[in-house]
Amino acid sequence: TLRQRPESRAQTDLHLLAAACSRHLLSHRGTALTSPSYTTDQHQPTNTQQQHISRSLAPLAAAMEFTNFIRVPRIPNVLLADGPGLNTLVRGEICLTGHHLIFAAEAKEIQILYNSIDYTEKKVLPGKGVLVLLRCKTSQPLWLLLSNEDYYATLMFTIDNLAMPVSLDWLFSFCFQLRFNSDEEVQLNSVDFWNLFDCQAEIERMGVPMTSWRISDINAKLEFCPSYPAHLVVPRDVDDSILMDIAKFRDKRRIPVVSYFHKRNKVPLIRCGQPLAGSGKRLYEDERMFRSILDACPKTVTRGLIVDARTAAETAIDRGKGGGIEDSKMYFNWTVVNGAMADLRTLYDSFIKHIEAVQDTSSGSFQARLDAAGWSRHVQTALSTSVVVAFNLHREAMPVVVHDGNGWDRPLLVSSLAQVMIDPYFRTILGFSMLIEKEWLECGHPFSRRHSHFGDRSARSRDRSPVFQLFLECVWQIMQQFPCAFEFNEHFLISLGDFSTTAQFGTFLCDDMKERQAARLSTRTTSVWAFFAQQSERRRIENPLFEAIHDWIKPSSRPQNIAVWLRCYGRFTFTQEQHEEMDVLVRFLADQRKAVRHEVELLMREVEGATAEAAAAAVLDVAVRWERLCISRCVPRLKALLQTAQTKGRRAGLSCGRCRRSCLRRWPGSAKRRSHCAQACGRLSGLLSSRCVFACLSKWLRRPNTALQCRQCSRPCGAFVSCCGSSCWCWCWCWPVS
């Protein structure tokens, strides 16, 4: 009907596009654009309405006609099944819009972006219809039973053309707009979420000595290497002319540049592309670059480590194609090792099998299906390789160079995990966001190719690979072993994985910074960091158990320590009520803990300078408060100790934490107090927890006014002092409840 109107082609496209956009077109987690709704029976819009829609949807209206790919907007009599067994069926209809496939029923509605659909499967059921499985990139399965083959052909025609569009402007992110609440609108609208990462500020934070290193602007216009950031940190004695020569010898012109700098050891973590050595080729300037890296380190550093993330077999194949690996005979004082990480195609196949195994509710061995998928082995390899890098940087004080073939997949994964293990800053919400900006976005990870956002459909199976998802799962595995070390929880990781694949926000579009600038994403799309900056989302992704660990963490990559991420891969198959109840309980206990810690802080201020008996009574009151937080295991022994301290009786049956000998002396009133081991007498093990914790009570009770020093915050402490050095257990203003 609209095509028959005597209007211009532009107005016709605008009418058709507005008619195809239902209220679901612009609403997905955020608030929709406030545009007037149109149906095919409306009259021509007013000038104000037309200007509003043109400003909002002009990129799409000029680029395409969605109606050309939507033969039938509604498919009736569709049954939504819970699996191939067709145990539970919900009758409804499918609505096809410009960006969403919507299943609508009386009591249920499901919206799926076309771009989130990974692949489809078909099964003909005689007498029932056609069973279609839509497997999404977010691991969501959708089983639809269509009544006939014609509806199936219509649905597949729309999905094939809109799931991976040929143009970037067709994506939903160019129509999505985030609206903040009135309370935070002024504050968040003034923040430039597209330029949160500051290279100069990060260099100052890491403490890079500018006497040995320099910032090169050779890539300021992103022409030297489009997949690298504008500013590169290189050794000071390597000028830009040498960098030009090295770029010809490195794959994708990705020269060795500093990714992270260890502030204490003064050694760098460097990433690059593979050398184009082929069969025996070498470049003097490249070898000089590696010597300059060692010279820029402290004089005590004499050797370096080169980690090739590929397997030895893959390296040999790349050598036959002109690539290869550094020869230790040419690169003196550098040790070369292989990380043995799988190639991208193997990684993708294993990921698909892993999701199918997790969501398979049929009978059989669950563990056998997971082992056959092999995804856990890739997680183990990534963690073990990252631990090697982090160990050599932090403990051995050795510079490390990481690369694979092109240098924009597995090296980013390994370097990011190593930085999470070493630097506590990257275990915070802001630091982790900066890590993704620095390592994945600035350094050219091809998100659009790896997640099939748009482009050539023939290259979809060749370039698809869940490298970024592997990074997120490895971080989740570390969180399971160190649950209190991260400021964020798994909801943050799951949301990042979903947004990177569905292209709802413009942050993860395109393959490098040069393409993002050419597409003007900062002015035409919304940043994902603006979404997480909302107060409601901030509280949802915060970890209530967060306690900063100011040292590196070393996760285990043993098979028994690798868990299945059911909260991510099984969220659409298994019920999440228990997880949600646990989240509410943990958050409630965390709030109670904060209140008790505040009371403890006020109480310890009153205790400071009091006598031993008064202090013991006050601490006994604190022990009573501990019972509210379910620390009943430690309270009885603490009560017994305090009662002994008040009555100045004998200590019977208590052993020293160092030599395990019985200490039957009077305590603390004996004037001839001596040590029966190398340490002071009176340190008791197991009073507070089962870890290596020793409460030094005798010295404090003997001289309560003496100001002792906390090992964590270096403040004067008038209470219990830790003598193990592993963590601070003194009762001062920074004392943690555990």
Side-chain angles (χ1 to χ4, degrees), residues 29-30 138-139 178 184 188 191 193 196-197 202 205 260 379 382-383 386 390 412-413 415-441 466 468-502 504-505 507-508 527-555 563 565-569 571 576 579-580 582-591 593-594 736:
R29 294 187 67 90
T138 59
S139 73
L178 192 64
E184 55 187 3
L188 296 182
V191 179
F193 292 100
L196 290 180
F197 177 72
E202 178 65 13
R205 188 193 70 85
Y260 175 74
V379 176
L383 285 176
S386 304
L412 306 184
L413 168 64
S415 64
S416 299
L417 290 176
Q419 294 176 56
V420 170
M421 298 175 191
I422 295 174
D423 200 332
Y425 171 70
F426 294 124
R427 298 194 285 268
T428 64
I429 296 178
L430 178 61
F432 194 77
S433 304
M434 296 300 100
L435 179 66
I436 294 177
E437 284 279 349
K438 180 184 69 169
E439 291 295 315
W440 295 87
L441 297 173
F468 186 68
Q469 182 65 31
L470 177 60
F471 163 68
L472 297 177
E473 175 157 352
C474 288
V475 174
W476 179 81
Q477 297 288 349
I478 301 175
M479 291 174 60
Q480 302 311 297
Q481 302 181 30
F482 301 91
C484 301
F486 292 83
E487 189 184 9
F488 51 87
N489 54 28
E490 61 182 334
H491 294 294
F492 186 45
L493 302 177
I494 294 174
S495 299
L496 284 173
D498 291 346
F499 293 149
S500 66
T501 56
T502 57
Q504 179 179 348
F505 295 92
T507 305
F508 299 106
S527 173
V528 70
W529 311 126
F531 173 78
F532 290 118
Q534 302 176 101
Q535 294 181 0
S536 58
E537 288 299 320
R538 178 81 180 192
R539 179 169 176 80
R540 188 179 68 92
I541 65 176
E542 282 182 343
N543 179 16
L545 303 178
F546 173 63
E547 289 286 350
I549 299 178
H550 301 284
D551 197 0
W552 84 303
I553 55 179
K554 182 183 178 182
W565 199 0
L566 288 177
R567 196 76 179 268
C568 179
Y569 305 131
R571 52 184 158 151
Q576 302 293 321
H579 292 285
E580 295 173 356
M582 185 179 299
D583 290 342
V584 174
L585 179 60
V586 169
R587 194 171 295 278
F588 171 75
L589 292 178
D591 294 338
R593 185 185 67 168
K594 291 181 180 179

Q: Could you give me the CA-CA distance, side-chain angles and deciding distance for K438 and E202, then say whether side chain to side chain contact (heavy atoms under 4.5 Å, CB included) is met?
A: CA-CA 9 Å; K438 180 184 69 169; E202 178 65 13; 3.8 Å; yes
Q: Would you please test F468 and L412 for side chain to side chain contact (heavy atoms under 4.5 Å, CB included) and show each step?
A: CA-CA 9 Å; F468 186 68; L412 306 184; over 6 Å; no
Q. So, does S416 use its side chain to make a donor-acceptor pair with the main chain of L413 at under 3.5 Å?
A. no
Q: For F499 and F508, run ring-ring contact (aromatic ring centres under 6.0 Å, His included): C-alpha distance rounded to whole Å, both residues' side-chain angles, the deciding distance at 0.1 Å, then the answer.
A: CA-CA 8 Å; F499 293 149; F508 299 106; 8.2 Å; no
Q: Work out which heavy atom in S386 is nearest to a heavy atom in A418; give both atom names and the distance.
A: O-CB, 4.0 Å
Q: Indicate yes or no: at least one non-hydrogen side-chain atom of R427 is less than 4.5 angstrom from one of I553.
A: yes
Q.
Quick one, N489 and R567 - any side-chain contact, counting heavy atoms below 4.5 Å?
A. no
(Q) Main chain of V528, side chain of T507: is a donor-acceptor contact present, judged purely on distance under 3.5 Å? (A) yes
Q | Pair Y425-Y260, ring-ring contact (aromatic ring centres under 6.0 Å, His included): steps then yes or no | A | CA-CA 12 Å; Y425 171 70; Y260 175 74; over 10 Å; no
Q: Please say whether the positively charged group of R540, taken as NZ for Lys or CZ for Arg, lies over the ring of F531, i.e. under 6.0 angstrom from the six-membered ring centre and within 45 degrees of the axis.
A: no
Q.
Looking at every heavy atom in both L493 and L472, which two are closest together, and how far apart are they?
A. O-CD1, 3.5 Å
Q: Of all the heavy-atom pairs spanning C568 and Q469, show the shortest one and how long it is.
A: SG-NE2, 4.0 Å
**Q.** Over 12 non-hydrogen atoms of neighbours within 6.0 angstrom of CD in Q481
**A.** yes
Q) Taking all non-hydrogen atoms of both residues, which atom of F482 and which atom of F486 are closest, and how far apart? A) O-CD1, 3.7 Å
Q. How far does CD of E473 sit from CH2 of W565, to the nearest 0.5 angstrom?
A. 6.5 Å
Q: Report yes or no: does T501 contribute a side-chain atom to a donor-acceptor pair with the main-chain N or O of G497 at less than 3.5 Å?
A: yes
Q.
What I want to find out is whether R539 reaches E542 closely enough, with some N-O distance under 4.0 Å, to be called a salt bridge.
A. no
Q.
For F505 versus S527, what's the shortest heavy-atom pair and its separation?
A. CD2-O, 3.7 Å
**Q.** Sub-4.5 Å side-chain heavy-atom contact between I494 and W476
**A.** no
Q | Side chains of L430 and L196 in contact at under 4.5 Å (non-hydrogen atoms) | A | no
Q) Can you tell if the side chain of I429 reaches within under 4.5 Å of the side chain of F532, non-hydrogen atoms only? A) no
